[in-house]
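So you know, we letter chains A, B, ... as the sequences are listed, proteins then strands, and number each from 1.
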There are 2 protein chains.
Amino acid sequence: MQETATPKRGGARERILELAEAATLEKGFGATSIEELIAGAGISKSGFFHHFRDKNALAKALIERYLANDEVILDGLFARGDELSEDPLQSFLIGLKLFAEMLADLPEAHPGCLAASFVYQEQLFDGEVRALSRRSFLRWRARFAERFDAIAAKYPPRVPIDRAALADMAAALIDGGITLGKSLKDAKILPAQVLHFRNYVRLLFDPAI
Amino acid sequence: MQETATPKRGGARERILELAEAATLEKGFGATSIEELIAGAGISKSGFFHHFRDKNALAKALIERYLANDEVILDGLFARGDELSEDPLQSFLIGLKLFAEMLADLPEAHPGCLAASFVYQEQLFDGEVRALSRRSFLRWRARFAERFDAIAAKYPPRVPIDRAALADMAAALIDGGITLGKSLKDAKILPAQVLHFRNYVRLLFDPAI
DNA sequence: GGCGTAGCTGTACCGCAAGTACGGTCGCGG
DNA sequence: CCGCGACCGTACTTGCGGTACAGCTACGCC
């Protein structure tokens with residue numbers, strides 16, 4: 001974690017993205033000025049516009065980075081769940097628990113969901129940005145729905161359910177949990193909601209309960 | 001739906017709030033310019049600042065109006081649930097169903113949750129605005145938790161639950177459902193999520209399932 | 001009937017942030 | 001040594017939030 005005191009040549013783009021992500025999650029994209037970013041990154045305004053055509057391009061790069069990173073993390077957790085159990089239900093429940101634990105272990109509250117924060121907040125994003133988060137949501141829906149299919153095939157659900165809606169529930173709960181936690185400044189809300197979702201899945205499928 | 005062609009004297013404040021709410025939910029508060037509001041409302045810039053000290057005051061008035069309106073609507077639905085059944089669980093389930101039906105009957109997708117849209121998006125709001133939505137969340141948590149107490153007293157839950165976290169789940173699901181519905185432009189997501197919450201409550205408490 | 005006040009209009013101006021334009025500099029690989 | 005990518009510097013335009021005043025009008029109230 002080297003300080004930006006040294007205006008090291010090269011890598012300015014990465015520094016900008018880092019600063020912009022933190023600032024956006026803290027106070028919103030609109031409230032994050034280019035001037036504050038270039039001051040923090042130690043580059044000039046021309047330097048900024050050399051890397052990003054305009055603020056919109058920054059938003060796009062930001063969310064691409066964010067979504068890719070999220071995907072790696074979550075994939076890792078559920079892959080670990082698959083390693084620890086062959087049962088589709090158990091491995092999914094393990095994945096959820098690992099996720100909740102990871103969230104609970106964050107020193108502060110989860111900084112926020114960039115994708116969600118961009119859903120509100122300006123049309124500006126010429127549709128490209130919205131399309132990006134849209135596709136990301138759909139990918140998660142498909143991925144979760146697939147797991148629910150495998151689970152339902154082995155454990156008939158207690159009540160009939162719509163796999164897509166159940167997958168959406170995870171996304172909605174995570175997003176809403178982040179928002180709620182942010183508003184109430186309570187880091188425990190988000191992991192608690194993930195565990196509630198886990199509990200719901202158990203009540204739906206787990207015959208042992 | 002009368003056009004604002006007639007610059008009717010009086011009521012400009014109300015017109016501003018109406019326009020500002022729609023614009024904020026569509027593209028964000030930051031992207032909503034005062035100039036576009038006064039153009040739409042047919043008043044001058046001085047007129048705007050006569051009603052609102054600054055943009056922050058507009059945000060505050062906006063969210064006050066929004067939260068009060070929400071409260072009236074939701075209270076009405078759950079009061080109706082209480083009328084239709086004396087059983088705490090049943091009346092709550094009825095309230096949730098009425099809520100889901102109301103959401104499903106909206107011609108378009110729910111326009112969005114102002115409280116949530118203000119959680120991200122600028123520190124600007126001198127804390128007053130954040131405090132408002134914060135208190136609103138806490139009030140809902142208390143109100144729902146009370147109902148869960150009554151329900152749990154009569155129907156012991158299938159698994160131990162935290163009443164506050166369960167109340168938060170409703171808020172998180174609604175907020176996340178709105179966001180998801182907005183992003184995917186699918187009006188059915190939100191009511192589906194409310195019904196999922198209802199389903200969870202049933203699985204937790206209803207002995208008949 | 002005079003008087004204040006709410007609800008505006010109009011004009012002029014400031015500061016800041018986004019974005020444009022364009023020329024110059026430095027280091028590195030071919 | 002040439003070009004190109006990664007910048008720096010300066011200067012300028014535009015739009016928006018916000019300030020500062022001066023004035024106008026309809027309505028309610030003592």
Using only heavy-atom distances, decide whether a donor-acceptor pair under 3.5 angstrom links the side-chain of [X] to the base of [N].
X        : N       : result
Lys45(A) : dG19(C) : yes
Lys55(B) : dG18(D) : no
Ser44(A) : dG9(D)  : no

Got more than 12 heavy atoms from elsewhere within 6.0 Å of CD, Glu71(B)?
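Yes, the 6.0 Å shell around CD holds more than 12 heavy atoms from other groups.
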
For [X] and [N], give me the distance from atom [atom1] to atom [atom2], rounded to whole Å.
X        : N       : atom1 : atom2 : answer
Ile38(A) : dC16(C) : CD1   : P     : 15 Å
Leu37(A) : dA17(C) : CG    : P     : 12 Å
Ile43(B) : dA6(C)  : CD1   : P     : 17 Å
Phe49(B) : dG10(C) : CZ    : P     : 16 Å
Arg53(B) : dG18(D) : CZ    : P     : 10 Å
His50(A) : dC7(D)  : NE2   : P     : 6 Å
Phe48(B) : dG17(D) : CZ    : P     : 8 Å
Glu14(B) : dG7(C)  : CD    : C1'   : 15 Å

Kindly say if His51(A) contacts the phosphate of dA6(D), meaning a side-chain N or O under 4.0 Å from OP1 or OP2.
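False: His51(A) side-chain N/O out of range (4.0 Å or more) of dA6(D) OP1/OP2.
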
When rounded to the nearest 0.5 angstrom, what is the spacing between CZ in Arg130(A) and NZ in Lys60(A)?
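With rounding to 0.5 Å, CZ (Arg130(A)) is 15.5 Å from NZ (Lys60(A)).
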
Nearest of dA18(C), dG7(C), dA6(D) to any side-chain atom of Ile34(A)?
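Of the options given, the side chain of Ile34(A) lies nearest dA18(C).
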
Under a 4.0 Å threshold between the charged nitrogen and the carboxylate oxygen, would Lys27(B) count as salt-bridged to Glu36(B)?
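The answer is yes: the pair qualifies as a salt bridge.
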
By ring pair (Phe, Tyr, Trp, His ring centres under 6.0 Å), which residues pair with Phe48(B), not counting sequence neighbours?
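Once residues adjacent in sequence are excluded, the partners of Phe48(B) under the ring pair (Phe, Tyr, Trp, His ring centres under 6.0 Å) criterion are Phe52(B).
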
So Ser46(A), base contact, sugar-phosphate only, or nothing? Heavy-atom distance under 4.0 Å.
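Result for Ser46(A) = base.
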
Residue pair Arg198(B), Val194(B): steps toward the side-chain contact (heavy atoms from CB on, under 4.5 Å) verdict:
CA-CA 6 Å; Arg198(B) 183 177 181 275; Val194(B) 172; 5.7 Å; no

